[in-house]
Each structure stands twice: as structure tokens, then as C-alpha cells.
Amino acid sequence: NLSQTCTVTLGSGNVGAANIINVAIACVTNNFTIGGNVTGLSGTGLVLQNNGGNNLAISANGAFTFTTPVASGASYLVSVFTPPTNLSQTCTVTLGSGNVGAAIVTNVAIACVTNTFTIGGDITSLIGTVVLQNSGGNNLAISANGAFTFTTRVASGANYFVAVSAQPATQVCTVTNGSGTVGNANVTTVAVNCVTRPVAPIPTLGFGVKELQFSWAAVSGATLYRLQENPDGVSGFTQVGADIATLSVQLTIPVHKRLG
């Protein structure tokens, strides 16, 4: 029940005057290779082992064969020595163990899938509730300072982009370290910091020839100002002109349409 090859020496000749006793039969156990097929591989660095050695680097999907054959009757055990990285993947071995029979082993199966990881970080100085998004979705409402994690995991090699979807009522929150490509671990470095909005100044209104003249006092911490109007009192406020870096602005408009 081992596959062997037996060789005969001194097995032929003519019978003389005595018994023939020097025929020799030498048998050796046959060796067979161990191999199979890899599917789903996208990353680099996959290394397989057989019986804890005979390391075999795999760089592509398809058939593989270990270089060291195994004797008939001996056991084999194929395992993942180093999983793929860049992309990070988990590879599973099926039909990877048994005893060698009378033929090469070709049915070992290695199936690889890409790993997924969470996206998160920390939020500081929050008052109220902020809503964050990752890559335009997976909305996450946060009402307390500290660590946060999006619920939807992202595959290794895929991009992430964290942004503020809805600001707190009285604050502006900004994101740093909010974008990148997922590697081989959870992302925990996204930082969200919130600051209280400055109170809008009350402008002083003056009139010129076909123009309105606005001026206001400086607000601590403000880097720009925006003038907004609600022309008919019901449509809501919209910004007039560009952002303003000074403390006054003059608007040339048909004044009669803005009075009353």
C-alpha cells in the first residue's frame, strides 16, 4: 500500500548445474509532488509551506507545485506561512492535508479574500451633535467627544474620505487626516475638532447714490464676513457678493427695490 518501483538485477541467464540464488529485487518508494490552485489573490507576499517548510512564494492566481516531492505513504500539510499584504488578504486552505498515494497531489485549494477595516478617529471640543460621512455615505451622528468609528468597513486598498455632513447648531467642525487609502489595519487617526461660531456682527446701514453702505465692528477670531439678504422676506437668506475680508462693503443696486 505504498507506491514503489522495484528493479531486477541478475534476473536472466541460463541454468547451469546448481540452484539460482543470486537474483536481486531492489524496491524504492516513489515520490510525488504536492500542488493545487490559488484563486482570489490580489495582494503581494503570499508564501505557502508544506509540512512546515519548502517555502513557496505565490505571485498570481493559478496552479502551484511545491519543489520538494513527498514519498508515497507519507503525510503532507499545506499551510499559509505569510498572508498577502498590499492588499491585505486572508487565504484559506482546503484539501491541504492527507497521505500521498500513488499519484501527484493536485487538488489543494487556496482561496484568498481581501480584508476590510474600520475607519475612525477622535472628536474634540464638540457641543451639540455633528454628523460625519465617509466617502459620501455611512452617516454617523456624534454627540460626545472621544473616539468614533464608522459602521461600514472599507476594503484594504480602497479609499476613504471623512467629511462633515451636518454641523452642530453653534459650532464649525473641521476634519484633519480624513482621507487616504486603507492599508493593513483599522484607521484610527481621523481628527475632528469643533469651535464655536463667532456671533455675527450687526451692520450699520448707510446710503449713497444708488448704493447701500454697510459697515460693522470686527469679531474676534473671524477671518472673513458674508453679507446675506432675504429680498422678499419669505424666500430665505442668500449670500450677496463674495466673501468680505474688510469691515465694510458698498453695494450698487436699485435702491427702490430694496426699500419698504
J.: Looking at Arg226 and Thr238, would you say the former's side chain and the latter's main chain have a donor-acceptor pair under 3.5 Å?
T.: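 Such a contact is absent between Arg226 side chain and Thr238 backbone.
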J.: To the nearest 0.5 Å, how far apart are CG in Leu2 and OG in Ser72?
T.: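 Result: 5.0 Å between the selected atoms.
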J.: Under the side chain to side chain contact (heavy atoms under 4.5 Å, CB included) test against Asn134, which residue among Val154, Thr152, Leu140 passes?
T.: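 Only match with Asn134 under side chain to side chain contact (heavy atoms under 4.5 Å, CB included): Val154.
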J.: Please tabulate, one pair per line, all N/O donor-acceptor pairs under 3.5 Å involving side-chain atoms of residues 97-104, not counting sequence neighbours.
T.:
none

J.: Please enumerate all residues that pass side chain to side chain contact (heavy atoms under 4.5 Å, CB included) together with Thr39, with sequence neighbours excluded.
T.: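 Checked Thr39 against side chain to side chain contact (heavy atoms under 4.5 Å, CB included); matches are Asn37, Ala111.
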J.: Output a table of donor-acceptor pairs, distance under 3.5 Å, between side-chain atoms of residues 184-191 and any protein atom two or more places apart or on a different chain; print 'none' if there are none.
T.:
| from | atom 1 | to | atom 2 | distance (Å) |
| --- | --- | --- | --- | --- |
| Asn186 | OD1 | Thr118 | N | 3.0 |
| Asn186 | OD1 | Thr118 | OG1 | 3.2 |

J.: Give me the atom names and distance for the closest heavy-atom approach of Gln250 to Glu211.
T.: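 Result for this residue pair: CB-OE1, 3.7 Å.
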J.: On a heavy-atom basis, which atom in Leu46 and which in Cys91 lie closest, and how many Å separate them?
T.: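 Heavy atoms of Leu46 and Cys91 come nearest at CD1-SG, 4.1 Å.
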J.: Determine, stepwise, if the pair Phe214 / Ile244 fulfils side-chain contact (heavy atoms from CB on, under 4.5 Å).
T.: CA-CA 11 Å; Phe214 297 93; Ile244 304 166; over 6 Å; no
J.: Quick check for you: to the nearest 0.5 Å, what is the distance between Ile25 atom CD1 and Thr9 atom OG1?
T.: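 Between Ile25 CD1 and Thr9 OG1, I get 7.0 Å after rounding to 0.5 Å.
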J.: Give me the atom names and distance for the closest heavy-atom approach of Ala74 to Val70.
T.: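 Shortest heavy-atom separation between Ala74 and Val70 comes out as CB-CG1, 3.7 Å.
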J.: Mind running side chain to side chain donor-acceptor pair (under 3.5 Å) on Asn51 and Ser75 for me, showing each step along the way?
T.: CA-CA 8 Å; Asn51 292 332; Ser75 62; 4.7 Å; no
J.: Under the disulfide bond (SG atoms under 2.5 Å apart) rule, what pairs show up with a residue in residues 132-213, not counting sequence neighbours?
T.: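 Every pair satisfying disulfide bond (SG atoms under 2.5 Å apart) with a residue in residues 132-213: Cys173-Cys194.
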J.: For the atom pair CG (Leu41) and CG (Leu87), what is the distance rounded to the nearest 0.5 Å?
T.: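 One finds 9.0 Å between CG of Leu41 and CG of Leu87.
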J.: Ignoring hydrogens and angles, state whether a donor on the side chain of Thr124 or Asn145 is under 3.5 Å from an acceptor on the partner side chain.
T.: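 No, because no side-chain N or O of Thr124 sits under 3.5 Å from a partner of the opposite role on Asn145.
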J.: Do other residues, nucleotides or ligands put more than 12 heavy atoms under 6.0 Å from Leu205 CG?
T.: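 Atom CG in Leu205 is packed in, count exceeds 12.
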J.: If we ignore hydrogens and angles and just use 3.5 Å, is the side chain of Ser79 paired with the main-chain N or O of Phe81 as donor and acceptor?
T.: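 Such a contact is absent between Ser79 side chain and Phe81 backbone.
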J.: Do the side chains of Val8 and Ile20 join up, straight or via other hydrophobic residues, at under 4.5 Å, putting them in one cluster?
T.: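 Yes.
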J.: If you define the side chain from C-beta out and look only at heavy atoms, does anything of Val80 sit under 4.5 Å from Leu48?
T.: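 Yes - at least one pair of side-chain heavy atoms lies under 4.5 Å apart.
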J.: Give, for atom CG of Leu227 and atom CG of Asp243, the distance between the pair rounded to the nearest 0.5 Å.
T.: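 Answer for the CG-CG pair, Leu227 versus Asp243, is 11.0 Å.
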J.: Apply side-chain contact (heavy atoms from CB on, under 4.5 Å) to the pair Val199 and Val219, showing each step before the final yes or no.
T.: CA-CA 7 Å; Val199 177; Val219 175; 5.9 Å; no
J.: To the nearest 0.5 Å, tell me how far Asn193 CG sits from Asp122 CG.
T.: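 So the CG of Asn193 and the CG of Asp122 are separated by 11.0 Å.
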J.: Look at atom CG of Asn22 and say whether more than 12 heavy atoms of other residues, nucleotides or ligands are closer to it than 6.0 Å.
T.: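 Counting other residues, nucleotides and ligands, CG of Asn22 exceeds 12 neighbours.
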J.: Would you mind telling me which of Asn54, Asn31, Asn50, Ile34 makes a side chain to side chain contact (heavy atoms under 4.5 Å, CB included) with Thr68?
T.: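 That would be Asn54; it is the only one of Asn54, Asn31, Asn50, Ile34 passing the side chain to side chain contact (heavy atoms under 4.5 Å, CB included) with Thr68.
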J.: Show every side chain to side chain donor-acceptor pair (under 3.5 Å) that has at least one partner inside residues 156-171, sequence neighbours left out.
T.: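 For residues 156-171: Asn159-Thr181.
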J.: Which side chain to side chain donor-acceptor pair (under 3.5 Å) pairs, counting each pair once, include a residue from residues 100-117, with sequence neighbours left out?
T.: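 Non-adjacent pairs meeting side chain to side chain donor-acceptor pair (under 3.5 Å): Ser88-Asn115, Gln89-Thr114, Thr90-Asn115, Thr116-Arg153.
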J.: Is there a path of hydrophobic side-chain contacts, each under 4.5 Å between heavy atoms, that joins Val131 and Ile142?
T.: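 Looking at the clustering, Ile142 is in a separate group from Val131.
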J.: Would one find more than 12 heavy atoms of other residues, nucleotides or ligands at under 6.0 Å from atom CG of Asn86?
T.: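 No, because the 6.0 Å sphere around CG of Asn86 holds 12 heavy atoms or fewer from other groups.
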J.: When you compare the side chain of Val105 with that of Leu95, does any pair of heavy atoms fall below 4.5 Å?
T.: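 No, side chains not in contact.
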J.: For side-chain contact (heavy atoms from CB on, under 4.5 Å), just list the numbers for Ser59 and Thr44, CA-CA rounded to whole Å, side-chain angles, deciding distance to a tenth of an Å, and then say yes or no.
T.: CA-CA 6 Å; Ser59 60; Thr44 59; over 6 Å; no
J.: Please find the pair of heavy atoms, one from Tyr225 and one from Ala218, that lie closest to each other, and give the distance.
T.: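 Minimum heavy-atom contact is OH-CA, 3.5 Å.
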J.: Please find the pair of heavy atoms, one from Phe148 and one from Phe150, that lie closest to each other, and give the distance.
T.: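 Closest approach of Phe148 to Phe150, heavy atoms only: CE1-CE1, 3.9 Å.
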J.: Working note: Leu212 + Phe207, criterion side-chain contact (heavy atoms from CB on, under 4.5 Å); need CA distance, chi angles, decisive distance, verdict.
T.: CA-CA 5 Å; Leu212 299 178; Phe207 299 96; 3.5 Å; yes
J.: Say you draw a straight line from OG1 of Thr196 to CD1 of Ile127; how long is it, rounded to the nearest 0.5 Å?
T.: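 Thr196 atom OG1 to Ile127 atom CD1 measures 4.5 Å (nearest 0.5 Å).
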